[in-house]
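One structure is given below, encoded as C-alpha cells.
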Amino acid sequence: SHSVKIAAGAVVCVESEIRGDVTIGPRTVVHPKARIIAEAGPIVIGEGNLIEEQALIINGYPENITPDSEVEPKTMTVGMNNVFEVGCVSQALKIGDNNVIESKADVGRNVILTSGCIIGAFCQVNTCEVIPENTVIYGSGCMRRVQTERPQPQTLQLDFLMKILPNYHHLKKTVKASHT
Amino acid sequence: MDGCGSFTVHHKRPPFSSAVRLFQAASGDIKTSSAVSVAPDSASLCGEMASLLQPDRAVYLVRGEKKIRAPLSQLYFCRYCSELRSLECVSHEVDSHYCPSCLENMPSAEAKLKKNRCANCFDCPCCMHTLSTRATNIPAPLPDDPTKTAMKKAYYLACGFCRWTSRDVGMADKSVASGGWQEPENPHTQRINKLIEYYQQLAHREKQERDRKKLARRRQCMPLAFSEKYGLGTRLQRQRSGAPISSLAGLSLKEGEDQKEITIEPAQALDEVEPLPEDCYTRPVSLPEVTTLRQRLLQPDFQPAGASQLHPRHKHLLMKRSLRCRKCEHNLSKPEFNPTSIKFKIQLVAVSYIPEVRIMSIPNLRYMKESQVLLTLTNPVENITHVTLAACEEEDPDDINSTAKVIVPTKELVLAGKDAAAEYDELAEPQDFQDDPDVVAFRKSNKIGFFIKVIPQKEEDADVTVSFKIRHDFRNLAAPIRPTEEGAETTAEAIWLTHHVELRLGPLAP
C-alpha cells in the first residue's frame, strides 16, 4: 500500500514531502521541506523523533538502479527519540533510539545505528557495519570515540515545536494505520 | 514512473554543499583569502573559472637571502629599501598575547608566568576544541535543613564537537561556573623548580663574572642590554649568535648580595623498574580507550595512554606579531593592540604598492603553436603608473621554471590611478589613453586587460609556465623631499622597479 500513516500526536507539516509507504509514530515532528521517501520498501518511524528541514530519509534502491527482477522490499525502521538535523541524508535500514545525525551528515544503506550514536556534522559514514552504542563519530577524518552517557531526548524542543509549528504551518491530517 | 522519479531525487543535493565541494577541489588552500574574490560577472562557481583567480598562478620573485617565489598577496614591500620582502626575509617579533576564545589581552610578563595559557578557557583533551560550561540542576540538601532538598546548579565542562564531558574522566561537577577547575599537578614539579633555581643562580653568577671582565669601569650602566643570555628581542642581541644563552639570568639583579647557596642532589639511577602487567601481551586492546599520539603529546607532563586519564588543559594563548625588514629595521607590519581589531597600525603589503598581474582567460594551448592569453594588470596607487614588460633574456638565472616562449607587448602600458570616488563622479570625462587594440583588450578605471602570446615548448606539458619582467615607476612617498635649487619639488621622484613574474597557465589542450 502506498499510503502515509500519521499517528495522532505527530506534527507533520504540509510542506514536507512524504512518498511511499511511510508510518510516522506519535510525538514525532517533521519540519517543512523534510523529505521521507520510501520507494524500495516501507519506512516505519517511531515516536518522539525530530526530523528537521531538508533532511532526507530515503529507502531507495542501492546505487540508484531499479532492478529488473522483483526484489523483496526491505523495511526501514527508525526507533524513538532520534534527531535528524538539517540537511542530513539517512539511508540506514535500521536506526535505534536516541541517535543524533547532525547537519549534512550522510549515513549509508549498510550502516546500522544502535542507540545513543552521534554522527557528527558533514561526516559520511558508508561502511558496512553496526555502530556500537554511544559512539560519537566526529571530525573530517570521521574519528570515533565512545561517550559515557547517551544524548538526552529532546523533549523540551519537541514540546516547543509541537506548540509553535501549528501556528505557522498547515499540518498533514492524521491517518490511522489500517492494520493496527 | 517510480524509477525516473528516484533518479532525480537521489542526485539532488542542497546547492550549497556541492558548490563548497567544488571550491574545495579547485583551491588547495582555503585559507588564502584573496583567492575567493569572484567577480559578479564570472559568478558561475565552476572549478575552471575560479581556479584562474587562484593566487599561486601568478608569482613574483623575491630576491632576498633565498630566492622565493610567492604570489603578491603574500608579500610585503619595504618602501625604504624599495624591495619586495617575503615572510622568510623579515624578522618576526611578538607584539602581544591574547586568548583566542575569550579574546582577553595578556601582558607578556603575565603570559610567561602562566606558561602562555589562558586562565578561564579550557581545551578539550580529545579534539582540542574549546570547552563550554554547561549547567544541570541537581537536588542537593539545604545547608540549614538536611531533610529538605533544593535544586542547585552544578556545572560541568562539555565539548560541542566530540561530545566529551568532564564527567568522562571522573571530574566532579563544580558549584561555581568558572574558576573551580584545576589542572592536575605534575608530580615532578618540585624537583623541576629546584633545578631551575639552581641553574638560575649559576647563570647569574656567570653573567656577573662576564660583566666584570668586559665593563671594568662602567659597572652599573647597562648590565641587561649587554649580556642578556637568551635575549633575542633586539638587534644587538640577535647578532651575537655565538654567545652562550640563558633567559634566567636577567631576573634578579641583586649584585653584591650574598645569595643562599642552592645545592641539588644529582639524579639517581634505579636498578629496579616496575614490571609490566602479566596480561600485557594477551589482553585485547580496546581501541576507544587508547589515546592517539596527538592527544597524548598535548599533555607532555603525563602522556596518558588511556582516554580516561585525559584531563582538560587551559587554552594556549595566541600572539600577534609584527614584521620588521632585516636590512633597514623598519616595521613592515604592526597590528593593533586590541585583540578584537583586525586592522594594522602599519601595513606595508605589496598589493598596495606594486601593480598586480592576474590571468583572465586562457585559450587552448597547443605545442609549438602561438596562442593569445589575456592578462589583467591592476594599479594600486593613486597616480598614473607606466608599466613596461620585457621577456626574459637567454641566460637569465631567475628563469628556471618557464616551459614556453612568451612574446610580451613592447609598448609601454599606462595605468590610470586608483580613484576611490570615480564611481560616484558621473561627470568625469573618461581619460583617453589611445590604446592599441592589438595589445590592450579593455580598460576599466585602474585596470587594463592585455594580450601576451605564448608558444609552448614542451610536448607533454602538464603546466605551461611563462615568465617575464615587469618594470614600473614607483613614487616613494616615504622618502624626504629635498628642495632642489630651482625650487621646491612638489612630487616625489619616481624610481623604476623591476620584478620577475611567473605565470602558470595550466596543461596543454588534449
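Predicted, not measured: the structure shown is a model, and the values here were computed from it. Protein chains get the first letters and strands the later ones, always in sequence-line order, with residue 1 at the start of each.
Other residues, nucleotides and ligands contribute more than 12 heavy atoms inside 6.0 Å of the NZ atom of A/K172. The number of heavy-atom neighbours closer than 6.0 Å to CZ of A/F160, taken from other residues, nucleotides and ligands shown, is 12 or below. For CD1 of B/I342, the number of neighbouring non-hydrogen atoms (other residues, nucleotides, ligands) closer than 6.0 Å is 12 at most. Around the NZ atom of A/K33, the shell of radius 6.0 Å holds no more than 12 heavy atoms that belong to other residues, nucleotides or ligands.
Between chain B and the residues A/I137, A/V136, A/T135, the largest count of heavy-atom pairs under 4.5 Å involves A/V136. For the set B/T292, B/D168, B/T165, the count of heavy-atom pairs under 4.5 angstrom toward chain A peaks at B/D168.
Note that the SG atom of B/C162 and the CD1 atom of A/I118 stand 10.0 Å from one another [nearest 0.5 Å].
Scored by the side-chain contact (heavy atoms from CB on, under 4.5 Å) test, A/E85 finds A/E52, A/V83, A/V100, A/E102, A/S103 as partners (sequence neighbours excluded). Considering only residues two or more places apart in sequence or on other chains, B/E88 meets the side chain to side chain donor-acceptor pair (under 3.5 Å) condition with B/K66. With sequence neighbours left out, A/T127 forms a side chain to side chain donor-acceptor pair (under 3.5 Å) with A/E129.
Of all residues spanning residues 126-135 of chain B, those with a heavy atom less than 4.5 Å away from chain A's heavy atoms are B/C126, B/C127, arranged by number.
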